[in-house]
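None of these values were measured; they are calculated from a predicted model.
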Amino acid sequence: MTRIYLSPPDVGAEERALILEAFDSNWIAPLGPHVDAFEHDVATRVGVPGALALTSGTAALHLALMLLGVKENDEVLVPTQTFVATANVVTYVGARPVLVDSHPDTWTIDPELVAEELADRARRGRLPAAVVTVDLYGQCADYGPLLASCADYGIPLLEDAAEALGASYRGAAAGSFGSAAVFSFNGNKIITTSGGGMLVSHDTALIDRARYLSTQAREPVVHYEHREIGFNYRLSNLLAALGQGQLRGLDERMERRRSINERYRTALSKLPGITFMPYASYGEPNYWLTCILVDPGAFGASGEDIRVALEDADIESRPTWKPLHLQPVYAEAATVGGSVSAAIYERGLCLPSGSRLAAADLDRIIDIIADQHR
């Protein structure tokens, strides 16, 4: 048996053909027709006029914060339940993250805590420079109240949709909210370019400015002229070709992950002490990862016991994101709440969810989990 990974790439003949097309055209270096086409395709899918293909979702977040005016000594509200890159980019621009707890009904940033924190900061004259949301594990944050709270104080909202391409909120696509949004095409995402990301926005001037900065801020003259500090953040044409093929199969990948999620829920929900990440009625997730909570007292084993049992069978699973306020690097960061995300991490486990997960392997995973019940 080969190892079963948490969320491995799912590539096929169409991606191979597009990569070979790019290779044969000799568009190997960054930029080229496949980059332009990939940007157009993502923008069309999300429903925004502007998209910029970059080396990573982190690069997209970095540029977005800069262009939203976040600067040294500013503060930025960030979910504590997320991958560390969401907060790291705040430090790149010299600002400080303020870590906000999750809502138990969605696991995404709590809109009520955001509203309360903004109101309190307004009274103290210490409003943050921006609010960053995260569409966690493929589920959109609750944008209605979040956008309303930001609008009340004139604060930009940046949507980290790294995990959520294809998801929706009240009929609108993930990535279409706030001043700008980002996607990640890392190897474990629902579609991949091996490594890569995308910055999208309704504001085409913001995208144009990001495009300039991401190509080392080169002036449009025949020689190399630079008046500002820029970055080497552009996606290669070869990887964009891979992304084009992946995007064309997004709906099929989402449907397969949805069916995997449903199979897990049908089989495991009957076991005492096993519950699943809640899905909000306001939208449709992309089912990137299936996540469970394990109550050791009711189930008879912990999430870590399950993880080890799966690993012994050469099957990868992982704890849910360790909240940033519990990470040593952000131990001193200001935090709003924290108990909800901490409880999720204490009991949370992400199960193998790849769109090529075979039915027999899925059944084997379920059997191993059920066998831990005592």
Side-chain angles (χ1 to χ4, degrees), residues 7 9-64 67 135 138 159-168 173-176 180-216 218 230-254 286 288 355:
S7 180
D10 178 359
V11 296
E14 185 160 21
E15 290 89 339
R16 177 182 173 83
L18 284 164
I19 290 174
L20 288 175
E21 175 185 294
F23 183 87
D24 291 341
S25 71
N26 206 35
W27 283 102
I28 305 300
L31 307 185
H34 290 284
V35 172
D36 297 338
F38 188 38
E39 290 174 345
H40 174 269
D41 292 347
V42 171
T44 300
R45 175 76 192 219
V46 176
V48 296
L52 179 67
L54 299 164
T55 53
S56 67
T58 304
L61 286 169
H62 181 201
L63 287 174
L67 296 174
D135 299 334
E159 179 187 0
D160 182 347
E163 303 168 0
L165 182 65
S168 63
S176 65
V182 308
F183 295 108
S184 170
F185 306 124
N186 194 26
N188 64 351
K189 297 301 187 291
I190 196 163
I191 73 167
T192 183
T193 57
S194 177
M198 190 80 72
L199 176 64
V200 299
S201 180
H202 292 280
D203 184 351
T204 55
L206 183 147
I207 295 296
D208 289 343
R209 174 68 174 161
R211 192 180 306 276
Y212 166 75
L213 291 174
S214 68
T215 51
Q216 295 289 19
R218 182 185 177 186
F231 306 91
N232 184 17
Y233 276 174
R234 293 294 265 134
L235 189 68
S236 85
N237 195 63
L238 282 177
L239 297 187
L242 173 58
Q244 276 188 280
Q246 287 274 284
L247 186 63
R248 292 173 188 176
L250 174 59
D251 290 330
E252 290 81 0
R253 290 176 176 85
M254 287 173 54
N286 70 358
W288 175 50
S355 49

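- One N or O on the side chain of Asn237 and one on the backbone of His34 form a donor-acceptor pair closer than 3.5 Å.
- In this structure a side-chain-to-backbone donor-acceptor pair under 3.5 Å is missing from Thr192 to Lys189.
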Show your reasoning for whether salt bridge (charged side-chain N to carboxylate O under 4.0 Å, His left out) applies to Arg45 and Asp251.
CA-CA 11 Å; Arg45 175 76 192 219; Asp251 290 330; 2.7 Å; yes

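- Judged by distance alone, with hydrogens and angles left aside, the side-chain atoms of Asn186 form no donor-acceptor pair with the main-chain N or O of Asn188 at under 3.5 Å.
- The structure places CG of Leu63 at 13.0 Å from OH of Tyr212, a figure rounded to the nearest 0.5 Å.
- Taking both residues in full, the closest heavy atoms of Ala161 and Gly175 are given as CB-N, 4.2 Å, listed atom of the first, atom of the second, then distance.
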Quick one, Val11 with Gln246, criterion side chain to side chain contact (heavy atoms under 4.5 Å, CB included). Give me CA distance, side-chain angles, the key distance, then yes/no.
CA-CA 7 Å; Val11 296; Gln246 287 274 284; 3.5 Å; yes

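- Side chain of Glu15 to backbone of Leu242: no donor-acceptor contact under 3.5 angstrom is found.
- Shown here are the side-chain hydrogen bond (donor to acceptor under 3.5 Å, both in side chains) partners of Glu14, two or more places apart in sequence or in another chain: Arg248.
- The shortest side-chain heavy-atom distance between Arg234 and Thr55 does not fall under the 4.5 Å cut-off.
- How far CD1 of Ile190 is from CH2 of Trp288: 9.5 Å, rounded to the nearest 0.5 Å.
- Rounding to the nearest 0.5 Å places CG of Leu250 at 6.0 Å from CD1 of Ile191.
- Minimum heavy-atom separation, Phe183 to Ala174: CZ-O, 3.3 Å.
- Across every non-hydrogen atom of Val35 and Leu31, the tightest pair is CG2-CA, 3.8 Å.
- The two residues Ala22 and Leu238 come nearest to each other via the heavy atoms CB-CD2, 3.8 Å.
- To the nearest 0.5 angstrom, Leu247 atom CG is 9.5 Å from Arg253 atom CZ.
- The side-chain heavy atoms of Ser355 and Met254, taken from C-beta on, include no pair separated by under 4.5 Å.
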Walk me through it: do Val48 and Ile207 pass the test side chain to side chain contact (heavy atoms under 4.5 Å, CB included)?
CA-CA 11 Å; Val48 296; Ile207 295 296; over 6 Å; no

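- Arg209 contributes no side-chain N or O that, together with a main-chain N or O of Leu67, makes up a donor-acceptor pair within less than 3.5 Å.
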Apply side chain to side chain contact (heavy atoms under 4.5 Å, CB included) to the pair Ile28 and Asn26, showing each step before the final yes or no.
CA-CA 5 Å; Ile28 305 300; Asn26 206 35; 4.1 Å; yes

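- Once rounded to the nearest 0.5 Å, the distance linking CG of Leu54 with OG of Ser214 reads 5.5 Å.
- With values rounded to the nearest 0.5 angstrom, Asp36 atom CG is found 11.0 Å from Asp41 atom CG.
- Between Phe38 and Phe185, the ring planes are tilted. Angles from 30° to 60° get that label.
- With Asn286 contributing its side chain and Leu165 its backbone, the two residues share a donor-acceptor pair below 3.5 Å.
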Trace of the side chain to side chain contact (heavy atoms under 4.5 Å, CB included) decision for Glu39 with Arg211:
CA-CA 12 Å; Glu39 290 174 345; Arg211 192 180 306 276; 3.3 Å; yes

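- The nearest pair of heavy atoms linking Gly187 to Pro9 is O-CG, 3.4 Å.
- Shortest non-hydrogen contact noted between Val182 and Leu199 is CG1-CD1, 3.9 Å.
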